[in-house]
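Here is how names work: the chains are called A, B, and so on, in the same order as the sequence lines, proteins then strands, and each is numbered from 1.
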2 protein chains.
Amino acid sequence: MILSERDILYDFIKFHNINEQLLIDELMEYSSISYLKKGDYLIKENSYIKLLKIVIKGRVRVYQENEDKEILIYYLETMETCTLSLSACFGNCKSNVNAVAETDATILNIPVHKVNGWSFEYKSWHNFTIDTFRHSYSELIFNYSKLAFDPLRERLLDYLIKNSDQNIVQLSHAQLARELGTTREVVSRLLKKIELEKKIVLGQKTIKILT
Amino acid sequence: MILSERDILYDFIKFHNINEQLLIDELMEYSSISYLKKGDYLIKENSYIKLLKIVIKGRVRVYQENEDKEILIYYLETMETCTLSLSACFGNCKSNVNAVAETDATILNIPVHKVNGWSFEYKSWHNFTIDTFRHSYSELIFNYSKLAFDPLRERLLDYLIKNSDQNIVQLSHAQLARELGTTREVVSRLLKKIELEKKIVLGQKTIKILT
DNA sequence: AAAAACCTGTGACTTTTGGCACAAGCAGGC
DNA sequence: GCCTGCTTGTGCCAAAAGTCACAGGTTTTT
């Protein structure tokens, strides 16, 4: 492992308060770093998961696909891991989601068969595992009930607020539609209505949220 | 703990291959059994979870509510635990779901502060914890995408098949509608259509699935 | 057995969402 | 500039789901 990669690993170790020297040694020995370009796939549906993927830098979109429709499950951001990969560590299983880099990203890879025992051997890894499950699970329940209860308009507004950077969202209507599992026209119309209510301003691939 | 309660606990211990004597002792000391009547609440929304609830016998429906609408999250059946209670063991948190007994039920209760450490101390409890999270998580993702992709008709058919006992479902249309997060009339009409296609036969609070 | 409560069926209407078609606008390359 | 491809706006219609109203069942209670 070259120096810069060691630094990347140390960021992760520090972030999750990993303090067992043995675990750190194992991480050094077995983990590897990969670099994704925007648009690269991290995980594809129906492939077997062999490496636990942890996003060190960048943003990865995890979604499910069904014919021509798709729906966002969650985003992975700095220091987050894909819960489904983690789950796979405890019993090999196929991925039923896709994960694609939304920005250039740095990924820490750990062979799943290594991870398996760690969560009982090392307290800090145990915490990491449990926290990951807890967090993902509650987030998923939240999204599940949003999907069940909220009309599209609410979900769209929510999405815009959550994914804005300085009150700006840089996405086309088509991309928004994909995230929400609907169609471009519906999104365009809803956005237009919301603009008329003076809550947003629309531009080319740009939505400005008015506060 | 009286004898019959001890037997109940032993069923649980056996079912999950718990073999550490120390853990068994702890379970004996701190757990308790409660008996629910059909319709009793196990967990209410916005209450704090203090006991891990494990269903030994019976069937418990876990759902979320939103104004007058509700949606099924999962059922707990024999030897299953409520993942959200389990999650609460690792960091106290409010319940955001309701759980109600669908049949008379026997429940094993364990104080959450006790459970907290077990999953790192005892291998069998660790497995129980991880398996519970894994199972619930994948089930939830499955339901999430069903909700996103499948039209109501498909979800209804699915529900009937999954919840039938010898090809019979004993529920009113109103109850079905609640489970699926829709309204009674919509369910009635869909069922009528499906009956005309000779896939089911409708009766009073009875739907017979034709194979 | 009469009343009350619940269950089912259905017509008519509205709202929400989706699909098609096409026009106009913007952005980058040549 | 001018082409090409992507983006946005919108009219029109269709399908899915939700709402209201009401009629007639069945079951339960008294």
Nucleotide [N], atom [atom2] - distance to [atom1] of [X] in whole Å:
X: A/L196; N: D/dG9; atom1: CG; atom2: P; value: 10 Å
X: B/K192; N: D/dA17; atom1: NZ; atom2: C1'; value: 20 Å
X: B/L191; N: C/dT8; atom1: CG; atom2: C1'; value: 10 Å
X: B/R155; N: D/dA16; atom1: CZ; atom2: C1'; value: 12 Å

Residues B/K57, B/E77: salt bridge by 4.0 Å N-O rule: no
Under-4.0 Å salt bridge between A/E80 and A/R59: no
Summary of protein contacts for nucleotides 13-30 of chain C, nucleotide by nucleotide, where a base hit scores B, a sugar-phosphate-only hit scores S (4.0 Å, heavy atoms): ----SBBB-----S----
Aromatic plane relationship, A/Y137 with B/Y137 - under 30° parallel, 30 to 60° tilted, over 60° perpendicular: tilted
Geometric class of the B/F120/A/H126 ring pair [parallel <30°, tilted 30-60°, perpendicular >60°]: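 Ring orientation of A/H126 relative to B/F120: tilted.
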Within the 6.0 Å centroid threshold, strictly below: B/F128 and B/F12: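 B/F128 vs B/F12: aromatic centres under 6.0 Å.
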Flag for B/S124-B/H16: side-chain donor and acceptor within less than 3.5 Å: no
B/E179 side chain to B/Y75 side chain, donor-acceptor N/O pair below 3.5 angstrom: yes
Residues within residues 162-180 of chain B bordering DNA chain C, heavy-atom distance below 4.0 Å: B/S172, B/H173
Sidechain-backbone polar pair: B/D104 side chain, B/K37 backbone, donor-acceptor under 3.5 Å: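 Judged by distance alone, no pair lies under 3.5 Å.
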